[in-house]
Asks: 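Input: one structure, supplied below.
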Amino acid sequence: METKEMIAAYATRLGDTSLILSHRLAKLYASGPTLEESVALTNISLDHLGQATTFYQYAAKLNANGLNEDDIAYRRNEREYDNFQLVEQPNTDFAFVMLRQYLVDAFNYHYYSALCDSNDETLAAIAAKAIKEVKYHYRHSREWLLRLGKGTEEAYNKLDNALVHLWSYTKEMFTPDAIDEALASLGIAVDLKSVQEQWERDVFEFFSELKLQIPEKIFQAKGCKEGNHTELLGHILCEMQYLPRAYPDAKW
Amino acid sequence: MDNNEEYQKNLLEFERKIEAEEKIEPRDWMPDAYRHHLIRQMSQHAHSEVIGMQPEGNWVNRAPSLRSKKILIAKIQDEGGHGLYLYYAAETLGVSRDQFVQWLHEGKAKYSSIFNYPSLSWADIGAIGWLVDGAAIVNQVSLCRTSYGPYSRAMVRICKEESFHQRQGYEIMCDMMNGTEDQRKMAQDAMNRWWWPSLMMFGPTDNDSPNSQRAMKWKIKRESNDKLRQKFIDKTMDQAEFIGLTVPDPDLKWNEETQHYDFGQIDWEEFYEVIKGRGPCNRQRLETHIQSHQEGEWVRNSAREYSRMMKEAKKELV
Ligand SMILES: [Fe+2]
Ligand SMILES: [Fe+2]
Ligand SMILES: [Fe+2]
């Protein structure tokens with residue numbers, strides 16, 4: 001693969017994770033514990049959607065195959081999506097929503113901080129804009145986890161339950177593939193090993209403050225960068241892509 | 001001064017302010033009936049913004065492009081924000097938001113009946129923005145001059161965003177009318193279903209609107225239902241014609257004499273049915289709101305417990 005192609009694939013999968021997370025959050029427009037929180041969740045959804053759009057636009061430019069950002073979002077199938085499986089996980093309850101968000105936010109915080117120094121100017125610029133949003137997201141989800149983890153026993157139990165479920169989708173975020181490695185050696189992609197160290201330091205420390213036990217000996221999903229998914233993604237795409245698929249000639 | 005004398009003095013001062021177009025502020029004296037009218041109207045308005053998120057939210061995960069997805073999410077978010085401004089403004093009348101929400105759940109407070117209709121296709125998102133927000137703006141622009149200060153200021157903020165919503169909705173309709181045969185059909189179908197309910201948003205005719213008189217006298221309401229409805233029809237007709245949409249009203253025609261459009265009979269029976277809770281989505285809209293409120297209970301409890309603990313920890317430090 002040429003470097004240009006690799007960067008396009010790299011941008012596309014960053015877009016995929018942002019888009020699917022945005023999609024999940026958008027549905028919570030009126031489901032927050034307060035109206036203020038509903039508004040905050042849609043705000044975060046919009047940030048991720050904006051990130052996805054700019055990543056896809058960049059990928060479209062590099063691909064030069066005539067497909068635009070909407071084609072990338074709306075005309076690919078499950079196996080062509082390379083998002084983290086973590087962001088496909090459902091809005092089961094507010095503990096799931098916030099823990100999912102926290103795990104991704106902590107990742108994004110370190111990841112985008114590093115991507116700001118990318119040798120690829122466009123990726124660096126996208127990251128520089130995203131990091132401002134991510135800092136706010138990270139603070140927001142952390143504040144909520146404090147309230148759930150240190151508040152009532154009921155909330156603590158729900159958080160603990162969410163952790164048992166979601167922890168299975170954390171490892172793969174740090175597993176590099178050939179594209180990560182090739183682009184990292186050029187100073188374009190982020191070194192996942194150092195992101196992992198920083199993420200684990202933050203997360204382990206925070207969870208011990210919340211007295212949350214990290215689940216051991218559980219299933220760890222893998223393969224998000226090879227289009228591997230839970231059964232949930234197909235349904236997300238069914239819904240999301242319905243109109244462009246049903247009316248292929250229509251412009252919206 | 002005895003009580004009656006005091007009351008008369010306050011009332012005179014209140015009426016002087018209204019007459020002079022001075023705003024009534026939360027700490028000013030106001031007649032009980034004025035306060036109650038506002039509590040009812042402002043909370044109904046706030047609930048409408050919030051319940052109004054549901055028919056649009058029905059399409060939030062099916063928006064057909066990244067741009068339309070962004071616009072729709074942002075619009076729904078705006079409506080949530082409008083709900084917040086209005087609850088804050090209404091709370092200045094001495095009623096808490098919890099109380100407002102409880103009245104909604106008990107069926108004691110209403111919201112705009114337009115949101116009790118289902119959104120069935122993507123064109124409905126266009127029709128809602130164009131017609132429903134379009135009708136809301138006509139009403140809200142007039143409410144910018146309402147006599148209660150906090151309400152008036154909330155309206156000024158809200159109107160700016162509503163005109164975006166109206167334009168974006170119209171843009172969807174334009175794109176669809178310029179699109180494929182299927183898209184044009186969808187757009188016309190949405191027009192057919194949303195037109196009459198949009199006209200009903202202005203409420204009963206002036207003859208059947210007893211509360212209106214008093215609200216006009218106090219300048220809570222600045223223009224009559226019928227006048228606002230006519231304004232809406234006049235401006236919307238041109239936009240419909242321009243993109244080739246047919247208004248589902250055979251009696252609708254330009255009247256040279258009045259310089260307004262004449263229009264057909266509104267189905268007031270349907271209007272009152274929906275108001276009384278017997279519209280297509282009344283039950284569903286309210287149940288959805290109640291359910292998400294209940295699902296948030298444990299979160300709110302935990303947040304409250306957490307802040308109580310933090311306060312206590314602070315006290316111990318001191
Ligand atoms: Fe509205
Ligand atoms: Fe609004
Ligand atoms: Fe609006």
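Basis for what follows: all heavy atoms, side chains included, without hydrogens, waters or symmetry-related copies. In what follows, chains carry the letters A, B, and so on, assigned in the order in which the sequence lines appear, proteins first and then strands, with residues in each chain numbered from 1.
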Asks: Could you tell me whether the side chain of A/Lys27 reaches within less than 4.5 Å of the side chain of B/Val60, counting heavy atoms only?
Replies: yes
Asks: Does the side chain of B/Val299 come within less than 4.5 Å of A/Thr34's, by heavy atoms?
Replies: no
Asks: Thinking salt bridges, do A/Glu69 and B/Arg67 make one under a 4.0 Å N-O criterion?
Replies: no
Asks: Between B/Thr180 and chain A, which part of the residue has a heavy atom less than 4.5 Å away: side chain, backbone, both or neither?
Replies: side chain
Asks: Under 4.5 Å from any heavy atom of chain A, what part of B/Val101 do you find: side chain, backbone, both or neither?
Replies: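 Interface part for B/Val101: neither.
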Asks: Side chain, backbone, both or neither: which part of A/Ser38 has a heavy atom under 4.5 Å from chain B?
Replies: neither
Asks: If the contact rule is any heavy atom under 4.5 Å from chain A, which residues of residues 300-314 of chain B qualify, in numerical order?
Replies: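 Against chain A, the residues of residues 300-314 of chain B that fall inside the cut-off (heavy atoms, under 4.5 Å) are B/Arg300, B/Asn301, B/Ser302, B/Ala303, B/Glu305, B/Tyr306, B/Met309.
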Asks: Looking only at atom types and distance, does a side-chain atom of B/Gln183 sit under 3.5 Å from a main-chain N or O of A/Lys251, one as donor and one as acceptor?
Replies: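 Checked: pair present.
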Asks: By side chain to side chain donor-acceptor pair (under 3.5 Å), which residues pair with A/Tyr74, not counting sequence neighbours?
Replies: none
Asks: Heavy-atom pairs under 4.5 Å with chain A - which of B/Gln294, B/Gln54, B/Glu297 has more of them than the others?
Replies: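 Most pairs with chain A among the choices: B/Gln54.
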Asks: Identify which part of B/Asn61 has an atom lying under 4.5 Å from any heavy atom of chain A, answering side chain, backbone, both or neither.
Replies: both
Asks: So what's closer than 4.5 Å to chain A heavy atoms on B/Leu84: side chain, backbone, both or neither?
Replies: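 Both parts, backbone and side chain.
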Asks: Under 4.5 Å, heavy atom to heavy atom, which residues of residues 147-156 of chain A contact chain B?
Replies: A/Arg147, A/Leu148, A/Lys150, A/Gly151, A/Thr152, A/Glu154, A/Ala155
Asks: Report yes if the side chains of B/Trp298 and A/Asp93 come closer than 4.5 Å at any heavy-atom pair, otherwise no.
Replies: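 Contact flag for B/Trp298/A/Asp93 side chains = yes.
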Asks: Can you confirm whether A/Tyr29 sits close enough to B/Leu72 that some side-chain heavy atom of one is under 4.5 Å from a side-chain heavy atom of the other?
Replies: no
Asks: Side chain from CB out, backbone as N, CA, C, O: work out which of these in B/Asp98 comes under 4.5 Å of a heavy atom of chain A, or both, or neither.
Replies: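 Contact with chain A involves no heavy atom of B/Asp98 at all.
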Asks: Do you know which of A/Gly32, A/Cys238, A/Ser31, A/Pro244 has the most heavy-atom pairs under 4.5 Å to chain B?
Replies: A/Pro244
Asks: Sequence neighbours excluded, which residues qualify as salt bridge (charged side-chain N to carboxylate O under 4.0 Å, His left out) partners of A/Asp82?
Replies: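 Counting only residues at least two positions away or on another chain, A/Asp82 forms no salt bridge (charged side-chain N to carboxylate O under 4.0 Å, His left out).
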Asks: Can you tell if the side chain of A/Leu19 reaches within under 4.5 Å of the side chain of B/Lys69, non-hydrogen atoms only?
Replies: yes
